Amino acid sequence: MATTDLDIPIREESASPATTKLRLGSLTALVIGSMVGSGVFSLPQNMAAGAGPLAILIGWTVTAAGMLALVFVYQSLAVRRPELDAGPYAYAKAGFGPFIGFNSAWGYWISAWVGNVSYAVIVFSALSYFFPAFGDGNTWQAVLGASILLWIIHFLVLAGIRQAAIVNTVVTIAKIAPVVLFVGVVAVAFKLNVWSLDFTGLGNASLGTIAAQVKSTMLVTLWVFIGIEGASVFSARAERRKDIATATVLGFFTCLALYALVSLLSLGILSQPELAALKNPSMAGVLEAVVGPWGAVLINLALVVSVVGAFLSWTLLAAEIPHVAGKDGTMPKFFGHESERGVPSTSLLITNLLVQAFLVITLFAQSTYQALFYIASAAILVPYIFSGAFAAKLALTGESYQSGESRTGPLVAGILATIYGLWLVYAAGPAYLFMCAILYAPGIIFYVWARREANQRAFHPVEAVIAVALVAVAILAVYEMWTGAVSAL
């Protein structure tokens, strides 16, 4: 999950239609830029923390199959339902009604702003290489620094200031170039005897079975692919609809190759226990083991530049989601308020107040980057699951298909993407699902608010059952966390 190389535009009266249309190259860069961010810099430790080489290989294979199915889903839906803009949120609403659509928008929003909290933590964790007081990004010094950064970005966005093209270029190079350099250097230094040492991971009892190890990799691999829907989210700005599908496929395979190489090659430099013990960004520790201290300096500096850019762009994205939902009546109208400069000011303020609140929580709960991205990953599963289910539904009913046109491929892709999403729900485990329930449940208040503003019935019977169940799980989660049965973060 990372910055987009083309920001969500702040609307200006003088903007011409041509400036808002994206071609294949821009859309592909958008997809890659949306995925390559903080996650890749911490992959070696994040993967090795719960798995050995064999399980990591299996984990990437499962992820490749599941995410490829999701890629085909977005590829199909971009062509089948071109009138639906804003990607996952619009698909869930069109396929399963306003309440499911609302929860997809709400979940995507949660994922975006909790992801921003994780960015703030990892930035100051990286800076602790130069200033040890920042620790793991959750000391009071780090939280203070992150808070200052948050509100600087807030007022820059509020003033209508966007990233210039040169800044976007620098951010892109800062993200991609060090990763490519890392892969090249580590490939040359790779030692097969280190990689094959305890290949199954069963020599380390704390890792558990192969199945348990594979399960531990799932949210890590999901986190680094968040943004795969980037071209779909910006579908309204595509010059040609068919380019959305091509860009998504190209971006997926590029990032899959980079991610798998970073995590697997690192296991040929340091053993699994050594990787698991590294401080994040763990790519710095791996490169330092090969080339010396300058490698760690390079990765830490690259991460800071990359994630500060990500922080800015995902602040815009996180504010845009409830803003769009507020304008179309899915969320209360006040979320749709804009400033004179066209900035979604109310949505921006609420989003950043939530980021600030969670930054304070990280101080008292000592929450880590990994805990935060687990929550962000789990929160986005609802939009992903219902995107897959919508594609399967269209294939089953034949809606948007020509007579005699094959529906087998889209049906299989939709079913596989849905199953993959449900498997990730299981892999997330109770702690993160409970936290997501606590974050999802308050959304019901805003949904009812929006429905009343539109003079529409709040719930149909099935939706009412889902809402009651969600509230019940959230109450249970609070009780379990209060009693210590499940950790909060």
Side-chain angles (χ1 to χ4, degrees), residues 4 7-12 84-94 96-117 150-151 153-160 162 229 232-237 311-358 376 379-380 382-383 386 436 438-459 463 467 470-471 474:
T4 56
D7 293 336
I8 297 173
I10 294 172
R11 286 160 291 279
E12 298 173 353
L84 296 178
D85 295 321
Y89 150 59
Y91 298 146
K93 184 177 180 180
F96 305 98
F99 184 58
I100 297 300
F102 169 85
N103 278 287
S104 288
W106 187 264
Y108 204 97
W109 182 44
I110 290 172
S111 180
W113 64 256
V114 172
N116 267 2
V117 180
L150 169 68
W151 293 105
I153 288 175
H154 175 88
F155 287 110
L156 285 175
V157 174
L158 198 62
R162 296 181 294 176
E229 71 288 345
S232 180
V233 169
F234 290 96
S235 56
R237 299 178 60 203
F311 206 156
L312 174 57
S313 288
W314 277 87
T315 294
L316 288 167
L317 179 59
E320 188 76 0
I321 295 163
H323 172 67
V324 172
K327 292 186 74 172
D328 74 6
T330 300
M331 293 180 71
K333 292 179 181 178
F334 67 83
F335 277 106
H337 179 265
E338 296 180 358
S339 70
E340 292 180 356
R341 295 178 178 269
V343 178
S345 52
T346 301
S347 177
L348 178 68
L349 177 61
I350 294 171
T351 297
N352 285 340
L353 285 173
L354 287 167
V355 173
Q356 180 66 77
F358 257 59
I380 206 169
V382 168
F386 282 104
C436 285
I438 293 172
L439 293 171
Y440 265 88
I444 294 173
I445 298 171
F446 294 94
Y447 175 72
V448 172
W449 186 340
R451 299 293 284 179
R452 287 185 174 178
E453 284 182 340
N455 294 318
Q456 294 176 324
R457 180 180 178 181
F459 298 105
E463 294 174 335
L470 180 59
V471 171

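Note that the structure is predicted; figures quoted are calculated from it, not measured.
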| request: Quick one: closest heavy-atom pair of Pro332 and Ala450, and the distance? | output: N-CB, 3.6 Å
| query | How far does CZ of Phe358 sit from CG of Leu439, to the nearest 0.5 angstrom? | reply | 4.5 Å
| field | Worked verdict on Val382 versus Tyr440 for side chain to side chain contact (heavy atoms under 4.5 Å, CB included) | value | CA-CA 10 Å; Val382 168; Tyr440 265 88; 3.4 Å; yes
| task | Please name the pair of heavy atoms, one in Ala318 and one in Ser347, separated by the smallest distance, quoted to 0.1 Å. | result | O-OG, 4.4 Å
| task | First locate atom NE2 of His323, then atom CG of Asp328, and finally report the distance between them rounded to the nearest 0.5 Å. | result | 10.5 Å
| For the residue pair Phe335 and Gly326, what are the closest heavy atoms and their distance? | CB-CA, 4.2 Å
| query | Can you check whether Ser345 reaches His337 side chain to side chain, under 4.5 Å on heavy atoms? | reply | yes
| Between CG on residue Leu353 and CG on residue Leu349, distance to nearest 0.5 Å | 4.5 Å
| Which heavy-atom pair separates Ser111 from Ile380 by the least distance, and what is that distance? | OG-CB, 3.6 Å
| How many angstroms lie between atom OG of Ser104 and atom CD1 of Ile321, to the nearest 0.5 angstrom? | 11.0 Å
| said: Centroid separation under 6.0 Å, is that true for the rings of Trp449 and Phe334? | reply: yes
| task | Quick one: closest heavy-atom pair of Ala474 and Ile438, and the distance? | result | O-CG1, 4.0 Å
| From Phe155 atom CZ to Leu150 atom CG, the distance as rounded to the nearest 0.5 Å | 9.5 Å
| field | Heavy-atom pair with the smallest gap, counting every atom of Val448 and Ala458 | value | CG2-CB, 4.4 Å
| query | Under 6.0 Å between ring centres, would you say that holds for Tyr447 and Phe459? | reply | yes
| query | So, the side chain of Trp106 versus the backbone of Ala441: is there a donor-acceptor pair under 3.5 Å, distance only? | reply | no
| task | Could you tell me the separation between the CD1 atom of Ile153 and the CG atom of Leu348, rounded to the nearest 0.5 Å? | result | 10.5 Å
| message | Test side chain to side chain contact (heavy atoms under 4.5 Å, CB included) on Thr351 and Thr315; report intermediate values, then the result. | response | CA-CA 8 Å; Thr351 297; Thr315 294; 5.9 Å; no
| message | Using the side chain to side chain donor-acceptor pair (under 3.5 Å) criterion, which residues pair with Asn352? Sequence neighbours excluded. | response | His154
| query | Is the closest side-chain heavy-atom distance between Arg451 and Phe99 below 4.5 Å? | reply | no
